[in-house]
Amino acid sequence: MTIKLSFFLYLYFAFIVVWAIFSVIALYHMFKFGFKKLSTYAVIVLYILVALFMLSISVYYINQFDWTLVIFDSSNINNSPYSF
Amino acid sequence: MFNLYRLPNKIKNEEIVRIIRRDFFVLFLKILFFMFLCIIPFGFFAVMLISYPEMFSSPTYLAIIILSTSAYYLFVWLFFFFSFIDYYLDVWIITSERIIDIQQKGFFSRIISEQKLFRIQDVTSEVQGFIPTMFKYGNVYVQTAGTKSRFFFHQVPNPDEVRDVIIKLVRLNQKKHKKEMDKSEQIAVEKDFKESEEIQEIMKH
């Protein structure tokens with residue numbers, strides 16, 4: 001059994017999906033129940049812009065790694081001269 | 001979206017007197033807490049750099065650190081937005097005819113109550129604590145005769161002023177309603193008199 005570094009990347013993607021769902025719920029509430037004022041629209045736009053900024057920085061750094069790296073390989077344990 | 005200047009079930013000649021939210025200091029405390037959460041990872045990285053400097057040169061550990069940091073900051077930003085929505089969507093509207101209390105209780109839970117001013121019996125303002133006293137925010141309790149016996153204005157700015165405004169509006173509203181009641185009572189009395197005259201006419205014949 002091998003575990004690649006991409007395992008953590010998939011966990012991260014799962015978190016992003018959940019985070020996006022909650023973001024949509026929060027934005028829905030602002031649109032539905034927020035007051036028809038400039039401040040409401042400003043807050044919504046600010047949230048989206050900062051979130052996109054954070055995601056773009058994350059994507060930039062994520063692209064710099066080799067996610068196919070193997071971090072755990074059970075065959076190495078079995079072939080070890082010290083295994084029982 | 002909710003138009004603050006187009007009230008639901010608007011009464012004739014009703015005007016908005018005040019729109020009140022919780023004091024800005026409450027939001028400021030949330031912002032401070034959010035900023036503290038943003039600083040925490042730097043402290044953590046400083047400790048890790050001193051204790052385990054080899055972690056930052058290993059691509060495996062570095063990748064995991066990048067992912068967890070990204071997830072952490074995205075979570076904190078979302079959490080702050082939720083907190084802001086909780087502050088922003090709670091509002092009290094005082095009009096010339098009623099008080100409207102709009103409370104967002106988490107998500108998918110919104111409570112809107114209203115009470116006519118002439119039903120208000122008692123208004124109490126309260127400022128407790130050093131920080132509320134310095135920044136002049138507190139609570140206002142409005143006792144009514146309705147099913148919701150007590151309205152609660154929570155952490156509002158200048159609660160004494162809010163109390164004074166409500167009391168003045170209640171007095172004006174009660175005077176207005178007394179005049180209308182006197183007028184309608186007069187009409188009812190006249191109507192009764194007319195009916196009794198008709199009855200007497202009928203009885204004559």
Tell me, out of A:Ile25, A:Thr40, A:Leu69, A:Ile62, who's got the most heavy-atom pairs with chain B below 4.5 Å.
-> A:Thr40
Side chain, backbone, both or neither of A:Ile57 within contact of chain B (heavy atoms, under 4.5 Å) | neither
Are B:Phe151 and B:Tyr141 close enough that their ring centres sit under 6.0 Å apart?
-> no
Pick one of side chain, backbone, both or neither for B:Tyr88, based on which atoms fall under 4.5 Å of a heavy atom in chain A.
-> both
Please report the closest heavy-atom contact between B:Asp160 and B:Ser125, naming both atoms and the distance.
-> OD1-OG, 2.9 Å
In terms of heavy-atom proximity below 4.5 Å to chain A, should B:Ile66 be classed as side chain, backbone, both, or neither?
-> side chain
Chain A contact via B:Phe84 - which portion, at a heavy-atom distance below 4.5 Å = side chain
Distance from A:Ile16 atom CD1 to B:Ser70 atom OG, nearest 0.5 Å?
-> 5.5 Å
Is A:Trp19 close to B:Leu78 at the side-chain level, that is, under 4.5 Å between some pair of heavy atoms?
-> yes
Heavy-atom distances under 4.5 Å only: say whether B:Leu89 touches chain A with side chain, backbone, both or neither.
-> both
Examine whether an atom of A:Tyr47 lies under 4.5 Å from a heavy atom of chain B, and if so say whether it belongs to the side chain, the backbone or both; otherwise answer neither.
-> both
Tell me, for A:Phe33 versus chain B, whether the close heavy atoms (under 4.5 Å) come from the side chain, the backbone, both or neither.
-> both
Residue part contacting chain B, namely of A:Phe53, when any heavy atom lies under 4.5 Å | neither
Given that the side chain runs from C-beta out, which part of A:Leu9 has a heavy atom under 4.5 Å from chain B: side chain, backbone, both or neither?
-> both
With the threshold set at 4.0 Å, does a side-chain nitrogen-carboxylate oxygen contact exist between B:Arg22 and B:Asp90?
-> yes
If you measure from the Lys or Arg side-chain nitrogens to the Asp or Glu carboxylate oxygens, is any gap between B:Arg163 and B:Glu126 under 4.0 Å?
-> no
Is it the side chain or the backbone of A:Phe31 that comes within 4.5 Å of chain B heavy atoms, both, or neither?
-> both
Of the listed A:Val50, A:Leu46, A:Leu55, the one with the largest count of heavy-atom pairs under 4.5 Å with chain B is A:Val50
Mutual orientation of the aromatic rings belonging to B:Phe75 and B:Phe79 [parallel < 30°, tilted 30-60°, perpendicular > 60°] | parallel
Where do B:Ile19 and B:Val91 come nearest, in terms of heavy atoms and distance?
-> CG2-CG2, 3.6 Å
